[in-house]
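One structure below.
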Protein chains: 2
Amino acid sequence: MHAQRRVTSKDVAERAGVSRTTVSFVLNNVPGVRISEGTRQKVLHAARELNYYPNAAARSLASRKTRRIGLVLCQSPERIFVDAFLPGVLRGIGDMAQAQEFGVLLQSVENVAQPDAYTHLVGEKQIDGIILSGPRSDDGQLLALRKEGFPVVLLGQLEGSGVPFVDVDSVGGARLAVEHLIEHGHERIGLITNAPPQYTASAQRERGYRQALEEHGLTYDRGLVCCGDFNEESGWRAMSELLEVVPPPTAVFAASDLVAFGAMEAAKARGLKIPHDLALVGFDDVPLARYVDPPLTTIRLPAYELGAGAGRMLLGLIKGEEVKDTQLFLETELVVRDSCGIHEGATLERSV
Amino acid sequence: MHAQRRVTSKDVAERAGVSRTTVSFVLNNVPGVRISEGTRQKVLHAARELNYYPNAAARSLASRKTRRIGLVLCQSPERIFVDAFLPGVLRGIGDMAQAQEFGVLLQSVENVAQPDAYTHLVGEKQIDGIILSGPRSDDGQLLALRKEGFPVVLLGQLEGSGVPFVDVDSVGGARLAVEHLIEHGHERIGLITNAPPQYTASAQRERGYRQALEEHGLTYDRGLVCCGDFNEESGWRAMSELLEVVPPPTAVFAASDLVAFGAMEAAKARGLKIPHDLALVGFDDVPLARYVDPPLTTIRLPAYELGAGAGRMLLGLIKGEEVKDTQLFLETELVVRDSCGIHEGATLERSV
DNA sequence: CCGCGTTACTAACACGTGTTAAAACCATGC
DNA sequence: GCATGGTTTTAACACGTGTTAGTAACGCGG
């Protein structure tokens, strides 16, 4: 009727006229065991003829390795932001895994109150290692895992925890943005942060802003700094405040594109022309940054590279290699569009 | 040193003073086997005390079930489009899987030339069923899988193949958009398709456009139909053509938001005010649709529900339930913003 | 006391592979 | 002919669970 009986390594062995063990040796290229070229070919041929696939469960059971990694997505307040980068990150992780013939098991943790939602993956030995996106500092499970030596890599850092991670170089990115404005003559540059300062990323972006100012001999003015809170609404409010300052800034760095969108609308609502009356630079390069009016100059995050980096690092840890750079910061990239005023008078950018 | 020896069901059995089989009976709630409440509690207690997790590989091997489903993402030309919905779809699938204690194994197929990139998942028995996003009609592997009775569900349909699928009701969605325009007085309504007509989704959206016209006694005018090609550039070109027609349309339905963005720019470039001089409705509700100027009225696709529907259907097939609705079309939703002219004079919509 | 049905449990095998320790084979030199 | 050493191959066990067939305990009517 259905399913012709599964092909096992025993069938391959019989077909090739050898023992099952020999088949295993050949197919796994076991080091230290020399197999004559003749038998090797016989085995490979038989396996191909029978369309043999080794059973993953049996293999895992015997070898104690699953050839799978877990990707855990923790719900974060910046969901919209995370969503925009998820496809790129997934591709990065997927490519690395595929290259080493690993699978990727996805798990999303809805509820922060139930943080053991991914522990079962480890307990059941579903995976050999785990990539955790959006880690919470109050995640006890995480530290427990690490203590027992289970391979873990974070996407985004958890300061002081010592857990290996891959993250964006936010400081450098912010500096890139602000230096760009400075180089084009601006001296009064406002900052709208992406979030309250207790968020690591927020503090780092502010640090970059500060560094850029100081390195170019400009003074850091607290009055030119306002706090964003992830969404555009907060950007609107912050920009409104900044425009009350006298004299007002000639340029603003908004440390998040979403916040920048709100800020842009607020400036427009007051009759200001961007970039003519006010230059604006964002951060993240979310997909719609190039569509707003004017197209937003911003800092691109290396989504694919984040995923690929985390995947590569985790696979290294799993294989027991001595991974040296266990804390990886990836470089960002300045994407120049119109909102910064460099292209004054140019028409709508239509390229990718 | 490391890893205190794994806790097995044998340990639980000894601790509870029963046999290993009894443990299995209790933990799996095997139907038809009656266990006294006393032993049941003893077993559960022991398992909890020892922090016991059954080994997934062993369980798979013995039961011939993996409790995992595969999600295969095929590269499609509409990548930008797919990316925007991926997070929602993932959440939908993930939720359904999690509810039944299934895992989700992700696999992306980069290269169309290598379509067997996901066959190994089945051959190795990594998964019990598969969800295929962006199926190609020339995918021989797919039909082979189906023929041998392996549970498959498509995201997006493959006409005439008979493979179970979940898809958007594109016809209904397009009708919704066009009816909205008709109800507000428009009689010359142009269509810009999302893609060349050989694409199923494109043909369906045109059909919906046609149905809406006919049901309201308007005649279908070939001259008011132009072909888009996924991107905004094609939308720009198509809109330029439509505006040459005399008399020009008073409203345009662009069967894709991206195409609509290009069309919107083209209209603006000719000095037309949207929605005053020309009403515009899009399709997809990509995240940035609410940010363009004016915010785009469009048709929302139920991303989460697509994932949830596919997940539910696949899990049903796996459990051998008689799934009756094996071809599922999900309803869309009209999202009214400003580009259609209904809110004439209203201020920028700032709500979610 | 015996036979019988029901309930609660157990012994033993199956699942398909990895891997170790030992055996078979083979050529070589004495 | 035989010990030697190296190369291939094999038999046998381990991995941790699900599951069938079977047994002990128990109550009950005869």
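Atom set for the values below is all heavy atoms of this structure, side chains included, hydrogens, waters and symmetry mates excluded. The structure displayed is predicted, hence computed values, not measured ones. Naming convention: chains lettered A, B, ... in sequence-line order (proteins, then strands); numbering from 1 in each chain.
The distance between atom CG of Leu27(B) and atom P of dC9(C), rounded to the nearest whole Å, is 14 Å. Distance Glu14(A) CD to dT9(D) P: 17 Å, rounded to the nearest Å. The nearest whole Å value for the distance from the CZ atom in Arg40(B) to the P atom in dT7(C) is 15 Å. Distance CG (Leu61(B)) to C1' (dC15(C)): 4 Å, rounded to an integer number of Å. Spacing between atom OH of Tyr53(A) and atom C1' of dT17(C) amounts to 18 Å, rounded to whole angstrom units. As rounded to whole Å, 13 Å separates atom C1' of dC15(C) from atom NZ of Lys10(A). Rounding to whole angstrom units, NZ of residue Lys125(B) and C1' of dC15(C) are separated by 12 Å. The nearest whole Å value for the distance from the CG atom in Asn55(B) to the C1' atom in dG16(D) is 6 Å.
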Item to complete: List the protein contact pattern of nucleotides 19-25 of chain D with one symbol per nucleotide (5' to 3'): B for base contact, S for sugar-phosphate-only contact, - for none; contact means a heavy-atom distance under 4.0 Å.
Response: BB-----

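Contact check, Thr22(B) against dA8(C): no side-chain N or O comes under 4.0 Å of OP1 or OP2. The side chain of Thr39(A) contributes an N or O atom lying less than 4.0 Å from OP1 or OP2 of dT9(D). The phosphate of dT17(D) has OP1 or OP2 within less than 4.0 Å of a side-chain N or O from Ser9(B).
Mapping Val18(B) and Arg64(B) onto DNA chain C by nearest heavy atom places Val18(B) closer to the 5' end of the strand.
Using modelled atom types, one finds a donor on one side chain and an acceptor on the other under 3.5 Å when comparing Asn29(B) with Arg40(B).
Picking from dG16(D), dT9(D), dT17(C) the nucleotide with the shortest atom distance to the side chain of Arg6(B) gives dG16(D). Taking only side-chain atoms of Tyr52(A), from C-beta outward, the nucleotide of dA8(C), dT17(D), dT17(C) with the closest atom is dT17(C).
Gly129(A) and Leu314(A) get closest at one heavy-atom pair: C-CD2, 3.7 Å. Considering all non-hydrogen atoms of both residues, Ile127(A) and Phe150(A) come closest at O-CZ, 3.7 Å.
Legend: residues meeting side chain to side chain contact (heavy atoms under 4.5 Å, CB included) with Ser19(A), ordered by chain and number and at least two apart, are Thr21(A), Thr22(A).
Legend: ring pair (Phe, Tyr, Trp, His ring centres under 6.0 Å) pairs involving residues 303-330 of chain A, not counting sequence neighbours, sorted by first then second residue: Phe165(A)-Phe329(A).
Salt bridge status for Asp83(B) with Arg91(A): present, with a side-chain N to carboxylate O gap under 4.0 Å.
Within 6.0 Å of CD in Glu101(B) there are 12 or fewer heavy atoms belonging to other residues, nucleotides or ligands.
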